[in-house]
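Here's the structure we're looking at; comments come further down.
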Amino acid sequence: MEIQKPRGTRDFLPQEMARRRYVENRMRGVAERWGYGEIKTPTFEHIELFTLKSGEAILSEIYNFRDKGDREIALRPELTAPVVRMYVEELQRTAKPLKFYYFDNCFRYERPQKGRFREFFQFGVEIIGSAKAEAEAEVIALAVEMLEMAGIRGDLHVGHLGIVRALLKDLQPEHRSKIMRLVDKKDDKGLEEFLDEINAQDEMKGKLFRLIGLHGDNAVHEARELIGDIEAMSQFEALLSLLDVYGLEYTVDLGIARGLDYYTGMVFEIYCEGLGAQNQVCGGGSYGLSALFGGEDTPSTGYAIGFDRVMEICEAKPEASKRIVVISFEDTRKEAIAIANKLREHVSTYIDVMGRKFKDQISYANTIGASHVVIVGKNELDAGKVALKDMRTGEQELLTVEEAVGRLKGIKRY
RNA sequence: GCCUGGGUGGGGUAGCUGGUUAUCCUAUGGGACUGUGGAUCCUACGACUCGGGUUCGAAUCCCGACCCGGGCCCCA
């Protein structure tokens, strides 16, 4: 019986890895230019980290196990919780704001689908220590630019939980959470039923439905009329005006909600075409998690990009690197290896390891798409030179190794 | 966890109203052409996802598992 990879995991071959690294590096470049520093956290954590954040319900979708020391361990299903844990554990007394980015694999026990795997990759950033609209706007702008660098233009939707929450402030906390979940699901019918069930006032009901239905240019003004002059409203307006400064296009959507209480205000999502049911490539918002993990309250904001979904739709193609193949004969193998080693200081160089004959070596060079071939034969060596052959034109010339290196270094990639 | 479509060599396929040795293309290894590539020829390798059942006989029909795709649920 042949062993297969576990369900929902993937192998990446060199061609695909080249694409992934290319996009990854472009995203890294953006993060670095914006002054964010890379961090790395463990692949596994104590399971409480994730149940504290998301509740016991996530256990069914988590890879967990008991280790030999009888600790309950989980493979990380996301990276925000580990980052905040790291902050609480060792960085609370450092200058704010802290700006981090990460790119790593995460694990969730879910049914695989298009754009959904059991091992998947997230590229994310967190900015820790600021509750200001400036931080929120920066994070959103950074997300958009990162996606643009990957060649992706999505639909940006921005909302603010504080506005809907203010409307619900007199309700019991459990009722509020339940309502936020229903809003997030866009389950209007369920929402209506639940509101009836708890005997919500008609006035509030009406306002709630109007709020979450607001979209587009006038959404903010209408929201202000509905809800009045509250702090969340002002901050949201401040945020939107900053998004204008960044030149971003966005849709106001107060229907973006989160059932979980640690979200503090701004939330945003970016959607793309071509992904089927998993059309969200990026999600983020402002949150307060550190108190939950035993630290001081620290406002933060961040996002995570679904890297695999980005790769699914992006057309970015790295330039193919040039490849050189050194070709030799039975009586010049050793000299050829030495020459190949010199070429390797400057260009990607192959040499036969199959004991192939001359003609088959050229044939192999052809099938792997070598741009040039360096022929090391007795005739050439006697003249102190090698033959450099351009595989595209077929032209060939006698050069010293140094001359050949110079020639190859000057060649543009293609 | 639910609904739905599908699994034939490494890749792509024919066969699938049961009946010889499972078809073809491609890729790969070796060889021929004995220091100049994509060709040609020879040769090798290599599959019915797995397990039950029906049958004289199953790639083909039935059931289950596994895997892949699409949609739900979830989306921290």
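Chain naming here is simple, since letters A, B, ... match the order of the sequence lines and numbering starts at 1 in each.
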Between B:U26 and B:A65, how far is it from one P atom to the other, in whole Å? 40 Å
Using a strict cut-off of less than 4.0 Å between a Lys/Arg side-chain nitrogen and an Asp/Glu carboxylate oxygen, indicate whether A:K99 and A:E126 qualify as a salt bridge. no
Distance between the C1' atoms of B:A59 and B:U40, in whole angstroms? 35 Å
Between B:U60 and B:G18, how far is it from one P atom to the other, in whole Å? 12 Å
Need one value for A:I327: base, sugar-phosphate or nothing, where a base atom within 4.0 Å counts as base even if backbone is also close, heavy atoms only. nothing
Partners passing side-chain hydrogen bond (donor to acceptor under 3.5 Å, both in side chains) against A:Y364 (at least two apart in sequence or in another chain): none
Taking only residues two or more places apart in sequence, or in another chain, which ones meet A:K53 in a salt bridge (Lys or Arg N to Asp or Glu O under 4.0 Å)? A:E78
Rounded to whole Å, the CZ-P distance (A:R118 to B:C66) equals 10 Å
Strictly by Watson-Crick or wobble contacts shorter than 3.5 Å, is anything paired with B:G29, and which nucleotide is it? B:U43
For the atom pair NZ (A:K378) and CD (A:E380), what is the distance rounded to the nearest 0.5 Å? 11.0 Å
B:U17 to B:C73 separation - C1' atoms, rounded to the nearest Å: 40 Å
What is the pairing partner of B:G1, taking Watson-Crick or G-U wobble pairs with both distances under 3.5 Å in any strand? B:C72
In whole angstroms, how far is the P atom of B:U36 from the CE atom of A:M391? 13 Å
Can you check each nucleotide of nucleotides 71-76 of chain B against protein heavy atoms at under 4.0 Å and return B for base, S for sugar-phosphate only, - for none, in 5' to 3' order? BBBBBB
Could you pull out all residues at least two apart from A:H175 that satisfy ring-ring contact (aromatic ring centres under 6.0 Å, His included)? A:F194
Work out how far the P atom of B:G29 is from that of B:G10, and round it to whole angstrom. 16 Å
Output all residues satisfying ring-ring contact (aromatic ring centres under 6.0 Å, His included) with A:Y87, sequence neighbours left out; order by chain, then residue number. none
When you compare the side chain of A:L75 with that of A:F65, does any pair of heavy atoms fall below 4.5 Å? yes
In whole Å, I'd like the distance from the CG atom of A:L398 to the P atom of B:G35. 18 Å
Close approaches to RNA chain B from residues 6-17 of chain A, in residue order (heavy atom, under 4.0 Å): A:R7, A:G8
Can you tell me, in whole Å, how much space there is between the C1' of B:U55 and that of B:C63? 16 Å
Sorted by chain and residue number, the salt bridge (Lys or Arg N to Asp or Glu O under 4.0 Å) partners of A:K40 (sequence neighbours excluded) come out as A:D104
How long is the line joining NZ of A:K378 and P of B:U36, in whole Å? 18 Å
Counting only non-hydrogen atoms, which of residues 346-362 of chain A are less than 4.0 Å from RNA chain B? A:M354, A:R356, A:K357, A:F358, A:K359, A:I362
Residue pairs involving residues 101-120 of chain A (criterion ring-ring contact (aromatic ring centres under 6.0 Å, His included); sequence neighbours excluded): A:Y63-A:Y109, A:Y101-A:F123, A:F103-A:F121, A:F103-A:F123, A:F103-A:F307
Just how far, in rounded Å, is P of B:U36 from CD of A:E395? 18 Å
Between B:A22 and B:U49, how many Å separate the two P atoms, rounded to a whole number? 15 Å
Mind checking what makes salt bridge (Lys or Arg N to Asp or Glu O under 4.0 Å) contact with A:D70, not counting sequence neighbours? A:R66
Quantified in whole Å, what is the C1' atom distance between nucleotide B:G53 and nucleotide B:A47? 24 Å
So what does A:G394 touch, heavy atoms closer than 4.0 Å: a base, only the sugar-phosphate, or nothing? base
With heavy atoms under 4.0 Å as the rule, sort A:E330 into base, sugar-phosphate or nothing. nothing
Across all chains, not counting sequence neighbours, the side-chain hydrogen bond (donor to acceptor under 3.5 Å, both in side chains) partners of A:D184 are none
Is A:E24 salt-bridged to A:R20, going by a charged N under 4.0 Å from an acidic O? no
Would you please name every residue forming a salt bridge (Lys or Arg N to Asp or Glu O under 4.0 Å) with A:E32, sequence neighbours left out? none
Check the distance between B:U28's P and A:I368's CD1 and give it to me in whole angstrom. 12 Å
